[in-house]
2 protein chains.
Amino acid sequence: MVDDYLAYRFNAAMADPLDTVFAALADPTRRAILNMLLEDDMAVTDVAEPFEMSLAAISKHLGILTKSGLISQEKRGRVKWCKLEPDALRAASVWMQGFGQFEPVNLDAFERFLEHELDSDA
Amino acid sequence: MVDDYLAYRFNAAMADPLDTVFAALADPTRRAILNMLLEDDMAVTDVAEPFEMSLAAISKHLGILTKSGLISQEKRGRVKWCKLEPDALRAASVWMQGFGQFEPVNLDAFERFLEHELDSDA
DNA sequence: GCTATATTCAACCAAATGGTTGACGATTAT
DNA sequence: ATAATCGTCAACCATTTGGTTGAATATAGC
């Protein structure tokens with residue numbers, strides 16, 4: 001049907017992208033990583049440096065972020081570069097817009113949130 | 001310090017609101033519930049009706065949504081009314097805006113997403 | 001060819017998540 | 001008073017999550 005052409009479907013095998021994106025965002029370590037990548041692309045080791053957990057743990061977090069599409073990883077030589085993929089947030093953002101007409105972004109509030117994130121996570 | 005006055009902090013006891021909001025949004029059942037409440041306030045039993053799971057399970061989901069602030073519950077008589085609280089999304093929305101200047105909401109895309117959500121979840 | 005660096009893999013663990021069922025407390029209706 | 005309805009609680013279960021450690025696999029440098 002025409003509907004199926006426009007509104008693509010998910011079978012049991014593939015999870016709704018919103019599931020994985022929101023789940024990825026639910027972890028403070030992962031949000032902190034996204035904030036770091038906002039500044040610049042980074043190697044896995046460098047991403048891990050400020051955190052008090054093992055490199056393997058960060059590697060897992062990066063894997064989750066990659067599966068969700070929020071970042072991409074490209075291996076050049078022996079280092080794997082992590083790059084923010086902000087487009088992946090668009091679906092989630094669009095979904096959220098349905099729940100109220102938010103006033104245009106308040107930059108003060110945004111700065112406070114960013115600040116809090118960096119303080120408490122990194 | 002002045003900073004602490006403006007940028008309020010979280011101790012180990014209280015979780016970052018973003019944690020709970022994003023975690024709440026990561027579950028398709030809970031997103032479907034939010035979509036239902038977008039239409040109207042509903043009693044717990046009525047929320048549960050379209051789902052293929054127990055009332056107790058839905059009650060738990062509603063508890064999680066309430067803790068996250070995404071909905072509120074008010075008991076009148078023997079029925080507990082559930083009400084959408086879209087303000088809780090604002091923090092998350094603001095946080096997400098930091099990751100790219102999304103073009104103004106595309107309503108076509110939004111409708112497709114809503115449609116997909118309703119089809120696959122309910 | 002060795003050695004150091006970058007990253008992942010595999011096995012394991014504790015805690016959290018999402019569901020079930022059955023009993024229970026409140027409230028409403030007969 | 002008794003019965004039906006609304007919703008939660010408690011105990012349980014399987015699976016997922018977020019972390020650890022130690023070994024393994026590239027790749028780069030000497």
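Chain letters run A, B, ... following the sequence lines, proteins first and then strands; every chain starts at 1.
- Residues satisfying the side-chain contact (heavy atoms from CB on, under 4.5 Å) criterion with B:Thr66, sequence neighbours excluded, are B:Ile71, B:Gln73.
- For residues 35-59 of chain B, the set of pairs meeting the salt bridge (charged side-chain N to carboxylate O under 4.0 Å, His left out) definition, not counting sequence neighbours, is empty.
- Taking the side-chain hydrogen bond (donor to acceptor under 3.5 Å, both in side chains) definition, one finds that B:Ser72 meets it with B:Glu85, sequence neighbours left out.
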Checklist entry - Yes or no on side chain to side chain contact (heavy atoms under 4.5 Å, CB included) for B:Leu34 and A:Trp95, after CA distance, side-chain angles and deciding distance? => result CA-CA 11 Å; B:Leu34 292 178; A:Trp95 189 88; 3.9 Å; yes
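- Not counting sequence neighbours, the partners of B:Ala48 by the side-chain contact (heavy atoms from CB on, under 4.5 Å) test are B:Leu55, B:Ile58.
- Among residues two or more places apart in sequence or in another chain, the side-chain hydrogen bond (donor to acceptor under 3.5 Å, both in side chains) test is passed with B:Ser54 by none.
- Among residues at least two apart or in separate chains, salt bridge (charged side-chain N to carboxylate O under 4.0 Å, His left out) pairs with a member in residues 62-83 of chain B are B:Glu74-B:Arg76.
- Between A:Gly77 and A:Ile64, the one whose closest nucleotide on DNA chain D sits nearer the 5' end is A:Ile64.
- With a cutoff of under 4.0 Å to any heavy atom of chain A, the contacted region of DNA chain D is bounded 5' to 3' by D:dG18 to D:dA28.
- Under the rule for a side-chain contact (heavy atoms from CB on, under 4.5 Å), the partners of B:Ala23 that lie at least two apart in sequence or sit in another chain are A:Ala26.
- A straight line from NZ of B:Lys67 to P of C:dG18 spans 12 Å, rounded to a whole angstrom.
- When atom types are taken as modelled, the side chain of B:Arg31 and the backbone of B:Leu25 share a donor-acceptor pair closer than 3.5 angstrom.
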Item to check | Under 4.0 Å protein heavy-atom contact, by nucleotide of nucleotides 1-9 of chain C - B base, S sugar-phosphate only | outcome: ---BBSBBB
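- Axis angle, first five pairs versus last five pairs of the helix from C:dG1-D:dC30 to C:dC24-D:dG7: 30°, rounded to 10°.
- Within the nucleic acid shown, A:Arg76 has no heavy atom closer than 4.0 Å to any nucleic acid atom.
- Connectivity analysis of hydrophobic side chains (ILVMFWY, heavy atoms under 4.5 Å, direct or indirect) links A:Val79 to A:Trp81.
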